Amino acid sequence: MSTKTNDPKQTAPETAPAAEDVKTDTAAPAAGTEETPAKQDGKKADKKEAKKEKEPKEKKETKKEIEADLAAEKDKYLRLLAEYDNYRRRSTREREAIYADVRCDTLKKFLPVYDSLSRALAQTPDDDPARKGLEGIMNQYNTALNQLGVTAIEAVGQPFDANRHNAVMHIEDDAYGEGVVVEEFEKGFCIGDRVLRYSVVKVAN
């Protein structure tokens with residue numbers, strides 16, 4: 001029986017290859033390129049300071065713009081208020097004028113009734129029973145006119161007033177002063193300072 005000889009070449013364990021140094025990809029930063037935390041903080045501080053310097057200017061400009069806008073709005077408001085006040089006054093005057101015109105036109109239509117009553121009284125004798133009734137109607141009519149603000153224009157014995165009297169006849173009479181109303185043909189009326197109807201009169205020269 002043959003014996004196997006151990007071949008040193010065969011039995012020698014295979015030696016592992018020498019471990020090679022593993023190179024890493026992380027390279028050390030170049031000298032002078034790495035920013036330290038202190039430097040970063042300094043830059044942040046500089047940015048904050050620049051921002052602070054910029055903010056007041058922006059706020060100042062914004063404040064001026066706001067003040068200008070407020071002034072413009074105030075001016076618009078004052079103009080609108082003045083226009084409305086003028087419109088209100090104008091509307092009030094127009095309304096009052098329209099009311100006065102309508103009132104005068106209405107009252108003028110009742111004046112012929114006064115003329116008819118006056119003529120009836122002038123032609124009715126004092127002893128006529130109908131006269132008392134006519135006088136009562138005339139008194140009631142005059143009371144209604146007074147309550148409406150209508151007053152009779154004084155004429156006979158008064159100086160002639162072109163704003164209240166309408167002279168249709170002139171006479172020469174030394175018994176009267178010059179320009180004095182001596183007779184009234186038709187009674188005149190006014191409401192306040194406004195003439196409803198002029199007094200038709202005779203004037204002495």
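Keep in mind that this is a model prediction, so the values were computed, not measured. The figures that follow rest on heavy atoms only: side chains count, while hydrogens, waters and symmetry mates do not.
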**Study point:** Side chains of S199 and E186 in contact at under 4.5 Å (non-hydrogen atoms)
**Key:** no
Review point. Roughly how far apart are I153 CD1 and Y198 OH, rounded to 0.5 Å?
Key: 8.5 Å
Practice item. State, with a plain yes or no, whether a side-chain heavy atom of V201 is found less than 4.5 Å away from one of F185. Key: no
**Study point:** Straight-line distance of H170 NE2 to N205 CG, nearest 0.5 Å
**Key:** 6.0 Å
Check your understanding: Does the side chain of C190 reach to within under 4.5 Å of the side chain of R164, using non-hydrogen atoms?
Key -> yes
Practice item. Before accepting this row, confirm whether a basic side-chain N of the pair K202/E184 lies closer than 4.0 Å to the acidic partner's carboxylate O. Key: no
Point to revise | Exceeds 12 heavy-atom contacts within 6.0 angstrom, atom CD of E67 | key: yes
Review point. Rounded to the nearest 0.5 Å, how far apart are NZ of K132 and CG of D127?
Key: 14.0 Å
Practice item. List in chain and number order the residues that pass salt bridge (Lys or Arg N to Asp or Glu O under 4.0 Å) with E154, two or more places apart in sequence or in another chain; answer none if no residue qualifies. Key: none
**Study point:** V181 and H165, any side-chain heavy atoms less than 4.5 Å apart
**Key:** yes
Practice item. For the residue pair Q158 and V180, establish whether any side-chain heavy-atom pair is separated by less than 4.5 Å. Key: no
Revision key, fill the gap. Residues joined to Y114 in its hydrophobic cluster, side chain to side chain under 4.5 Å directly or through other members, sorted by chain and number, are L107, F110, L111, V113, L117, L121, L134, I137, M138, Y141, L145, L148, V150, F189, I191, L196
Check your understanding: Can D69 and K64 be counted as an ion pair, charged N to O under 4.0 angstrom?
Key -> no
Check your understanding: Would K109 and D105 pass as an ion pair if we require N to O under 4.0 Å?
Key -> no
**Study point:** Heavy-atom pair of closest approach, residues V203 and F160
**Key:** CG2-CD1, 3.6 Å
Revision key, fill the gap. d(N163 CG, D193 CG) to nearest 0.5 Å is 11.0 Å
**Study point:** Interatomic distance, Q123 atom CD to R119 atom CZ [nearest 0.5 angstrom]
**Key:** 8.0 Å
Check your understanding: Is E83 salt-bridged to R79, going by a charged N under 4.0 Å from an acidic O?
Key -> no
Check your understanding: Which ILVMFWY residues are connected to Y176, directly or by a chain of links, through side-chain heavy atoms under 4.5 Å apart?
Key -> I171, V182
Check your understanding: Looking only at atom types and distance, does a side-chain atom of D75 sit under 3.5 Å from a main-chain N or O of A71, one as donor and one as acceptor?
Key -> no
**Study point:** Test item: D126 and D128 side chains (from C-beta on) under 4.5 Å apart, heavy atoms
**Key:** no
Practice item. Indicate yes or no: does R88 engage D85 in a salt bridge with an N to O separation below 4.0 Å. Key: yes
**Study point:** K187 with D115: basic N within carboxylate O range, under 4.0 Å
**Key:** no
